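Owing to the predicted nature of the structure, the values given are computational and were not obtained by experimental measurement.
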There are 2 protein chains.
Amino acid sequence: MGRGKIEIKRIENSTSRQVTYSKRRAGIMKKAQELTVLCDAEVSLIMFSSTGKFTEYISPSVTTKQIFDQYQKVSGINIWQPHYERMQDNLNKQKEINNKLRREIRQRIGEDLDDLTIHDLRGLEQNMESSLKTVRDRKFQVISTRTETHKKKFKNMEETHAKLLREFEGRDDEPHFAMAGHEGEYESVLGLGNGGSHVFAFRLQQSQPNLQSGGEFGMNDLRLA
Amino acid sequence: MGRGKIEIKRIENSTSRQVTYSKRRAGIMKKAQELTVLCDAEVSLIMFSSTGKFTEYISPSVTTKQIFDQYQKVSGINIWQPHYERMQDNLNKQKEINNKLRREIRQRIGEDLDDLTIHDLRGLEQNMESSLKTVRDRKFQVISTRTETHKKKFKNMEETHAKLLREFEGRDDEPHFAMAGHEGEYESVLGLGNGGSHVFAFRLQQSQPNLQSGGEFGMNDLRLA
DNA sequence: AAAACTATGTATAACAG
DNA sequence: TCTGTTATACATAGTTT
């Protein structure tokens, strides 16, 4: 090639190395393109110069991603498999835990009891009894706190009202308490109403989206090497 | 190149296309190798012939994975980002669902009730009451079934025994029933024991492993294009 | 089908502006 | 540092073995 036989050996002069790189890069790019056109080949050529400059040729019939995928398939090396597998594992673990949790809740709702032994059922019953007691206690605690507060408020208002009455004494013929309208609220606080709350128990009705991945992407078969 | 100016145009004859491919492939591989040595470049050349045959050249100083990673970094295109993101999303969704389920269970166990309003508490209580009733019903149902079965078995054995007695009549002076040893089992079936089962409620104690991934692998920065 | 040959066009090293 | 020129080694299409 060129004047005098060339030795294929690292060019020590950095400048002429860069020049040579530019020229030969153009040459090899052309070759790649010719190969693509002449022979219907799919070619991916990626080059980084010693200074880190990046150049690529890719056959117009494909994308670099396709080449990478194909490379992995053919070479048997799934470069990103470790990540992918790890994530998939995690996903599966989460799903498994999820299912267990769902099942537990269903059993606590009274569904899906068929698989349980009498022993299990007795355990569940006892557990639910004590849990129910805890919830009940908590409810009463909250109610009593609220009731106490209301009592205080009420007393306060009574006093205020009495004071007002004293201030206005003589003016009004017939004093009247202005406390009506609180009874309803009071009642609701005490839990006498029974328009039950349905906040619980059906959160888990939300359909679980199909989270299985793989396959539909070009991630290949992900078989083990 | 060669005898007569060659047109760079798809070779229609399949055989000579393959031959040309072989020859030129060798040529371009040589060029790639020369570029590597001469210019300190990092070169990745991947080719698939029209028949699908795979050939690659890779500079000895690097691995194909490194080239791919570098390619993604430089080109700003993270080829596998969509999968990765999608999986991460799924994982997060699963975790979220998981946490909700855990919380629900905790509340059904009587923990984590502080955030609940009186309304919620009343709903939870009612729900638990009815669920408990369902569980209790189921338990009794199972017990009665088993009891029925045992009764039948018992009756059957009694008859068998009576038959045997009749067959052996006259031989034995004093007939004795061989039914001892069943009482214990019977009792346990009837739920009289109270060495409670602890099957429930603490499945969710299993620690949730840290499933966050990314970063530690060479997956690059995964920033958006 | 694969290897060898060879005539000829290409790529490019060295050089010049 | 780029652009152009040129001599020459190289790659290779077509052919033969």
Side-chain angles (χ1 to χ4, degrees), chain A residues 1-62 64 67 70-71 73-76, chain B residues 1-62 64 67 70-71 73-76:
Chain A
M1 304 169 174
R3 193 177 297 196
K5 185 165 187 170
I6 209 224
E7 235 189 321
I8 302 299
K9 196 174 169 185
R10 181 187 145 94
I11 298 168
E12 292 299 336
N13 180 309
S14 150
T15 305
S16 68
R17 187 167 64 229
Q18 276 310 113
V19 172
T20 298
Y21 177 72
S22 290
K23 287 183 176 178
R24 280 180 170 260
R25 183 186 59 198
I28 200 173
M29 295 271 279
K30 192 179 174 194
K31 293 278 182 206
Q33 194 257 341
E34 287 175 353
L35 198 64
T36 301
V37 175
L38 276 175
C39 311
D40 267 352
E42 291 171 353
V43 179
S44 157
L45 173 64
I46 294 175
M47 294 169 288
F48 291 93
S49 76
S50 55
T51 59
K53 217 190 125 192
F54 157 80
T55 319
E56 77 162 334
Y57 173 82
I58 177 75
S59 300
S61 56
V62 289
T64 303
I67 292 285
Q70 218 166 344
Y71 170 83
K73 201 177 274 178
V74 167
S75 69
Chain B
M1 307 170 176
R3 195 178 297 200
K5 185 165 185 168
I6 208 225
E7 236 189 319
I8 302 298
K9 194 175 169 184
R10 180 189 146 93
I11 298 167
E12 292 299 336
N13 180 308
S14 148
T15 305
S16 68
R17 187 168 62 230
Q18 277 310 114
V19 173
T20 298
Y21 178 73
S22 289
K23 287 182 177 180
R24 277 177 171 261
R25 184 187 57 199
I28 200 172
M29 294 272 278
K30 191 178 173 194
K31 293 277 182 206
Q33 193 257 339
E34 287 175 353
L35 198 63
T36 300
V37 175
L38 227 44
C39 311
D40 267 352
E42 291 171 353
V43 179
S44 156
L45 173 63
I46 294 174
M47 294 170 287
F48 291 94
S49 76
S50 55
T51 58
K53 217 191 125 194
F54 158 80
T55 319
E56 78 162 333
Y57 173 81
I58 178 74
S59 300
S61 57
V62 289
T64 303
I67 291 285
Q70 216 165 347
Y71 170 84
K73 204 174 272 176
V74 167
S75 70

Nearest whole Å is fine: how far is dT12(C) C1' from K30(A) NZ?
12 Å
Rounded to the nearest angstrom, tell me the gap between atom CD in E7(B) and atom C1' in dG14(D).
16 Å
Side chains of Y57(B) and T36(B): donor-acceptor distance under 3.5 Å anywhere?
yes
Would you indicate what T15(A) reaches in the nucleic acid, counting non-hydrogen atoms under 4.0 angstrom: base, sugar-phosphate, or nothing?
sugar-phosphate
Taking C-beta and beyond as the side chain, do I46(A) and Q70(B) meet within less than 4.5 Å on heavy atoms?
no
Regarding T20(B), tell me which of base, sugar-phosphate or nothing describes its non-hydrogen contacts under 4.0 Å with the strands shown.
sugar-phosphate
S61(A) and S59(A): side-chain donor and acceptor closer than 3.5 Å?
no
To the nearest Å, give me how far apart CG (N13(B)) and P (dA13(D)) are.
13 Å
Nearest whole angstrom, please: distance from the P of dT1(D) to the OH of Y21(A).
16 Å
Counting heavy atoms from C-beta on, name the nucleotide in dT12(C), dT12(D), dT1(D) closest to the side chain of R24(B).
dT12(D)
Considering only dT12(D), dT12(C), dA11(D), which nucleotide approaches the side chain of K23(A) most closely?
dT12(C)
Could you check how far CZ of R25(B) sits from C1' of dA13(D), rounded to whole Å?
17 Å
Rounded to whole angstroms, how far apart are CG on L35(A) and C1' on dT10(C)?
16 Å
Side chain of K31(A) - closest among dT12(C), dA13(D), dA11(C):
dA11(C)
Can you tell me if E7(B) has over 12 outside heavy atoms packed within less than 6.0 Å of its CD?
no
Nearest-Å distance, CD (Q18(A)) to C1' (dT1(D))?
12 Å
Atom-pair distance (NZ on K53(B); C1' on dA1(C)), nearest Å:
13 Å
